[in-house]
Amino acid sequence: MLNKLVIENLKHRPVRTSLSIIAIGVEVTMMLTVVGLSHGMLEDSQRRARGAGADVWVRPPGSAAIGLSSAPMSEKILDYFRKQEHVALASGSVSHPIGGINTVTGLDLDEFTRMAGGLRYIEGGPFQGPDEIIVDERYARQNGVRAGDTMELLNRPWRVSGVMEAGKLARLIVPLRTLQDLTGNTGKLTQAYLKLDDPQNTDKVVANLKEKLKDYQIYSIEEFTSLFSPQNVPGLEAFIGVIIGLSVVVGFLVVFLSLYTAVLERTREIGILKSLGASPAYVLNVLLRETALLAVVGTALGILLTYGTRWAVMTFVPASLTQNIVPGWWPIAAAIALVGALLGAAYPGWKAANQDPIEALAYE
Amino acid sequence: MNSGAIISVRDLRKTFRVGDVDVHALRGVGMEIETGEFTAVVGPSGSGKSTMFHIIGGLTPATSGSVHIHGQDIAKMTDAERTRMRRTEVGFVFQKYNLLPTLTAADNIAIARHIARRPDALDGDFLNVLDLLGIAHRLHHKPRAMSGGEQQRVAIARAVVNSPSILLADEPTGNLDTRSSENVLTLLRDLNKRLGQTILMITHNPEAAAFADRIVHMRDGQIVVG
Ligand SMILES: Nc1ncnc2c1ncn2[C@@H]1O[C@H](COP(=O)(O)OP(=O)(O)OP(=O)(O)O)[C@@H](O)[C@H]1O
Ligand SMILES: [Mg+2]
């Protein structure tokens with residue numbers, strides 16, 4: 001019976017009800033999109049790190065695990081690695097930021113191809129000269145680039161020699177030498193990759209290298225990819241927190257306003273319920289159920305909208321953003337939306353519950 | 001009558017403070033209502049009739065004096081007890097019908113039952129009442145689609161659905177044309193005669209008052225011998 005009243009009340013003001021639901025939906029989408037983006041990007045980085053085919057990653061002393069190093073190491077160190085027991089291949093790279101979240105990576109293509117177990121080209125092929133670039137298929141699609149095109153990067157033109165499948169270390173690859181010279185890192189590397197004779201030996205090699213190269217950062221691929229989590233990206237958790245906080249404020253305000261006007265408008269009806277013997281708790285219950293229903297429908301809408309934002313991100317955002325759908329966050333977002341909405345309902349609900357029935361009945 | 005007074009009002013006073021003026025709405029009302037009586041309360045506007053009803057129905061407290069219902073002093077009840085009393089002991093009918101606009105007639109009646117925590121199904125007695133009210137065929141309409149007379153009959157049905165000890169009707173025909181008024185008044189008399197419903201009805205209209213067994217006159221917050 002109570003549910004019937006709740007539903008009829010919501011149906012009675014379709015515009016207000018729809019707007020509340022949409023606002024809660026947007027709130028939920030905001031949360032899920034930002035979470036989905038961070039998950040997507042981190043997962044994408046993990047996939048690419050694995051795609052390099054290396055068993056051990058080495059970064060120079062004093063650099064952050066994720067992000068870009070400012071303290072490169074000499075490329076002579078590769079020879080040192082090659083002499084170590086169980087090391088089959090050693091290769092190095094230089095990475096350079098090119099704005100946004102993208103980086104361009106300089107690689108020795110032959111070495112890298114051997115380590116990654118071959119690169120698959122969708123169009124074109126390897127570099128023919130020093131001013132050429134290989135892009136991954138996603139970058140190519142999002143930026144409308146094809147093999148044979150010329151593109152601008154770091155203030156100079158590059159010929160696109162090939163488009164490779166995504167998930168192999170980097171999105172944009174240029175010849176190592178070119179990028180080293182261009183960024184003032186001649187003879188230097190920001191990262192080294194080791195492929196072992198057998199991945200079983202990873203722990204042994206890592207332990208051995210850590211012993212010999214005290215200040216260097218040496219990771220097994222497992223360790224390295226496990227670093228890709230929101231906690232390890234500076235500011236990411238705080239950013240997610242801010243977005244969630246904003247979402248809750250939006251949800252709170254919308255529900256507050258919506259219920260506040262509903263309570264004013266229904267002053268008389270609340271008086272009627274009270275004259276029929278409804279307790280304050282009964283009146284509160286009606287409003288809280290209305291709120292909960294708005295929150296639940298709004299959350300469902302918000303989850304659907306996340307598929308929309310993912311599509312929009314993939315289609316329209318020219319940067320290399322990847323947004324995941326993270327069902328694990330659905331109940332969390334739902335709970336946050338519900339709590340925000342119930343907080344918004346608290347004051348109007350309290351006001352309604354304590355309304356004087358006589359004044360309410362006299363209300364026109 | 002051997003069943004005794006169902007309502008007993010003694011020296012009831014109510015003073016409203018409006019700005020810094022005291023408005024004495026009730027100045028010592030005393031009255032006894034017997035079980036099964038149909039009483040009309042008449043009196044000029046502002047004489048305190050509605051105020052007395054609101055106090056009897058537990059919607060507002062008196063300034064002094066007492067109201068006993070079934071021998072129980074309502075001023076001494078807790079809030080929860082008074083709420084329970086409103087649910088089960090009193091049924092209100094207002095001049096403006098006061099139906100919930102978003103619910104159908106049937107649901108308006110059902111919600112009164114829900115508030116009183118009675119089962120949803122209507123019992124045989126009540127179905128007879130619906131028959132008596134002549135609104136059985138209109139139950140699935142919303143108030144908006146009903147005439148004033150029909151709405152008021154639904155409101156009466158809602159007021160008696162929990163078999164209250166007393167039905168308080170504040171100008172139930174105040175908004176109705178003569179024919180509908182007659183309908184509603186006949187109905188109230190039938191409820192009283194056939195089911196023994198105790199009724200207290202406020203009216204301005206002497207013809208309406210004539211439907212009652214007894215008429216109480218009020219003037220300036222007091223009962224006057226008419
Ligand atoms: N909430 C209130 N605040 C201040 N004064 C009030 C309030 N309610 C009633 N009064 C005053 O109390 C007096 C009695 O009012 P009441 O409504 O009981 O009269 P009534 O006999 O029902 O009149 P009517 O026939 O017009 O309905 C009036 O002077 C009215 O102005
Ligand atoms: Mg009145």
Side-chain angles (χ1 to χ4, degrees), chain A residues 1-18 20 258-259 261-291 293-294 349-364, chain B residues 14 16 25 50-51 53-61 78-104 106-121 142-144 154-155 158-162 164 168 170:
Chain A
M1 187 63 232
L2 212 49
N3 292 335
K4 211 182 231 173
L5 179 64
V6 164
I7 288 166
E8 290 300 333
N9 280 344
L10 290 174
K11 271 179 19 195
H12 187 64
R13 285 278 177 253
V15 174
R16 184 170 63 206
T17 301
S18 319
S20 307
S258 165
L259 279 195
T261 56
V263 165
L264 283 185
E265 179 184 275
R266 280 191 227 140
T267 298
R268 189 177 185 85
E269 286 150 59
I270 291 163
I272 296 169
L273 288 175
K274 290 203 155 179
S275 75
L276 292 174
S279 61
Y282 191 97
V283 174
L284 192 61
N285 192 358
V286 173
L287 288 172
L288 292 185
R289 278 179 196 229
E290 260 182 66
T291 309
L293 191 58
L294 288 176
W350 175 84
K351 199 172 145 74
N354 290 297
Q355 222 162 56
D356 177 2
I358 310 251
E359 273 173 40
L361 286 171
Y363 187 89
E364 288 305 313
Chain B
K14 176 78 178 180
F16 292 104
S50 296
T51 304
F53 265 41
H54 295 152
I55 296 172
I56 293 174
L59 291 176
T60 191
T78 62
D79 279 350
E81 284 170 334
R82 231 187 323 273
T83 300
R84 194 169 332 120
M85 180 198 82
R86 280 212 292 275
R87 271 187 224 141
T88 54
E89 296 287 323
V90 228
F92 274 105
V93 174
F94 302 94
Q95 179 175 349
K96 284 178 188 152
Y97 328 130
N98 282 344
L99 298 177
L100 294 170
T102 55
L103 295 183
T104 61
D107 287 338
N108 262 284
I109 298 169
I111 201 157
R113 252 179 119 69
H114 182 260
I115 288 172
R117 300 185 190 143
R118 303 276 174 99
D120 279 346
K142 296 218 169 145
R144 210 169 348 100
V154 173
R158 182 182 65 182
V160 299
V161 70
N162 294 320
L168 298 173
D170 191 345

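To find a chain, count down the sequence lines: A is the first, B the second, and so on, and within it residues start at 1. Treat the numbers as computed from the prediction; the structure is a model and nothing was measured. All values below come from the heavy atoms of this structure, side chains included, with hydrogens, waters and symmetry mates left out.
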Exercise for review: Apply side chain to side chain contact (heavy atoms under 4.5 Å, CB included) to B/R158 and A/L276, showing your working.
Suggested key: CA-CA 9 Å; B/R158 182 182 65 182; A/L276 292 174; 3.7 Å; yes
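- Applying the 6.0 Å contact sphere to NZ of A/K4 captures no more than 12 heavy atoms from other residues, nucleotides or ligands.
- Taking CD1 from B/I115 and CG from A/L2, the interatomic distance works out to 8.5 Å, rounded to the nearest 0.5 Å.
- Taking each heavy atom of A/G277 and B/R86 in turn, the nearest pair found is CA-CB, 3.7 Å.
- Shown here for B/F92 and A/S275, the closest heavy-atom pair between the two residues is CD1-O, 3.8 Å.
- Separation of atoms OG1 (B/T51) and CD1 (A/I358) is listed at 7.5 Å; rounding is to 0.5 Å.
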Practice item. Run the numbers on A/M1 and B/R113 for side chain to side chain contact (heavy atoms under 4.5 Å, CB included), then give the verdict. Key: CA-CA 10 Å; A/M1 187 63 232; B/R113 252 179 119 69; over 6 Å; no
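- Rounded to the nearest 0.5 angstrom, B/L100 CG and A/L273 CG are separated by 5.0 Å.
- If you measure heavy-atom distances from A/I272 to chain B, the contacts under 4.5 Å come from the side chain alone.
- Taking CD from A/E8 and CD1 from B/I111, the interatomic distance works out to 10.5 Å, rounded to the nearest 0.5 Å.
- Considering every non-hydrogen atom in both B/L59 and A/D356, the closest pair reads O-OD1, 4.2 Å.
- Interface remark: of the candidates B/A112, B/P101, B/A116, B/P101 forms the most heavy-atom pairs closer than 4.5 Å to chain A.
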